[in-house]
S.K.: 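This is the structure I have questions about; it appears just below.
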There are 2 protein chains.
Amino acid sequence: MENLTKLDKIDYRLLNLLQNNAKVTNAYLSQQIGLSQAAIFERVKRLENDGYIKNYYAQIDGPKAGLGATFFVQISLTNNSRKSMDSFLQKIDELDEVIECHNITGSSNFLLKIVTKDLHSFQDLVMGEMSKLEEIGSLESMIVLSVMKDSKTVPIPLN
Amino acid sequence: MENLTKLDKIDYRLLNLLQNNAKVTNAYLSQQIGLSQAAIFERVKRLENDGYIKNYYAQIDGPKAGLGATFFVQISLTNNSRKSMDSFLQKIDELDEVIECHNITGSSNFLLKIVTKDLHSFQDLVMGEMSKLEEIGSLESMIVLSVMKDSKTVPIPLN
DNA sequence: AATGAAATTTGCAGATA
DNA sequence: TATCTGCAAATTTCATT
């Protein structure tokens, strides 16, 4: 990237409005913020180009779309070499069901979020594709019984 | 809701295209799918109205926006009564930094995803607002060192 | 589900401070 | 550098078939 200009309060308000609803029009943002549509347009373009806004996406209702099961899986590798980690991550990246992979502190190395059709599909995944990952030492699964909160936003301070 | 019509392959393809990029035009979707723009429009509207598409979001780059720290926190309650759980969840819902809360199986009751400015802000949150939650029995934090994968999509089968 | 037209929104001038 | 006014192009939305 280039030299990024520091964000002001208006930028943070824009980010917050857009992370809650990407379908708002420039006219609406213009009203909320109190700037002209052109100024809003310029700012949003800058936020996109400078990478503050990474993407726009539709949030799909997993269960309705036939993906009713979510899991968090803690994984430890047998070997903590760079080579072993890279190999593990490359294979994980190819598994569509693994939607998140975090390198974490604590007793295990990685925390994965996995979405599948149902419990059985999850078992198939763990016993099938994931059992092929030689790098895995231990694996502990947590089944998500219900999602109490899932905000898809980040707590941007507005003052 | 009402009686939802079953989704066909075209619907699943639309969901998949939109969850990867909500900014695609009906003209583009029309080309990809091979239907007229009006037909695409009708289908997307139906997917929205029937709740398959819950919302459209801008994905913000947390670290760039000053939110550089992510944590997963496992929490067990002292008491598993409905009353205690509801009280806990209501208070959690008011904490903007807690962006996810899952009720899970395993040794702890809940898994929370928390985003803050930095490690110090996280400590403030845990020592401050969260220490007020009387329902909490034990709390174990995992610091996210790096995010290896974060797809924001769900593995919709396309055939 | 398609065609085509109307309404809305976006994107970009040129002007101003 | 950041903003505004206003217009042309693109896109969405809807009536009709």
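Naming: A, B, ... by sequence-line order, numbering from 1 per chain.
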S.K.: Using only side-chain N and O atoms of B/N26, determine if any of them is under 4.0 Å from OP1 or OP2 of D/dT11.
M.R.: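 No, because none of the side-chain N or O atoms of B/N26 sits under 4.0 Å from OP1 or OP2 of D/dT11.
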S.K.: Test B/L112 against every option in B/L139, B/L95, B/I99, B/V98 by the side-chain contact (heavy atoms from CB on, under 4.5 Å) rule and name the one that passes.
M.R.: B/V98
S.K.: Please give, in whole Å, the distance from D/dT1 P to A/K6 NZ?
M.R.: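 Nearest whole value for this atom pair: 18 Å.
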S.K.: Determine the contact category for B/A38: base if any of its heavy atoms lies under 4.0 Å from a base atom, sugar-phosphate if only primed atoms, P, OP1 or OP2 are that close, otherwise nothing.
M.R.: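 Touches a base.
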S.K.: Could you tell me how far apart B/F41 (CZ) and C/dT8 (P) are, to the nearest whole angstrom?
M.R.: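 Between P of C/dT8 and CZ of B/F41: 13 Å.
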S.K.: Could you tell me whether A/F110 and A/H102 have their ring centroids closer than 6.0 angstrom?
M.R.: no
S.K.: Measure CZ/B/R46 against C1'/C/dA1 and give the value in whole Å, please.
M.R.: 13 Å
S.K.: Quick one: does NZ or CZ of B/K113 land under 6.0 Å from the six-membered ring centre of B/F72, within 45 degrees of the ring axis?
M.R.: no
S.K.: In whole angstrom, give the distance that lies between atom CD of A/E48 and atom C1' of C/dG11.
M.R.: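 After rounding, the gap between these two atoms is 12 Å.
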S.K.: Which nucleotide wins on minimum distance to the side chain of B/Q37, given the candidates D/dC4, C/dT3, D/dT12?
M.R.: D/dT12
S.K.: I need the CD1-P distance between A/I10 and D/dA2, as an integer number of Å.
M.R.: 11 Å
S.K.: Would you kindly give the NZ-to-C1' distance between B/K45 and D/dT11, to the nearest whole Å?
M.R.: 13 Å
S.K.: For the residue pair A/Q37 and A/S30, confirm or rule out a side-chain donor-acceptor distance under 3.5 Å.
M.R.: no
S.K.: With nearest nucleotide decided by heavy atoms, which residue, A/T25 or A/E42, maps closer to the 5′ end of DNA chain C?
M.R.: A/T25
S.K.: Provide, to the nearest angstrom, the distance between the CG atom belonging to B/L29 and the C1' atom belonging to D/dT12.
M.R.: 12 Å
S.K.: Should A/R43 be listed as having a side-chain N or O under 4.0 Å from OP1 or OP2 of D/dT3?
M.R.: yes
S.K.: Taking CG from A/L18 and P from C/dT10, how many angstroms apart are they, rounded to a whole number?
M.R.: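 The answer, rounded to whole Å, is 11 Å.
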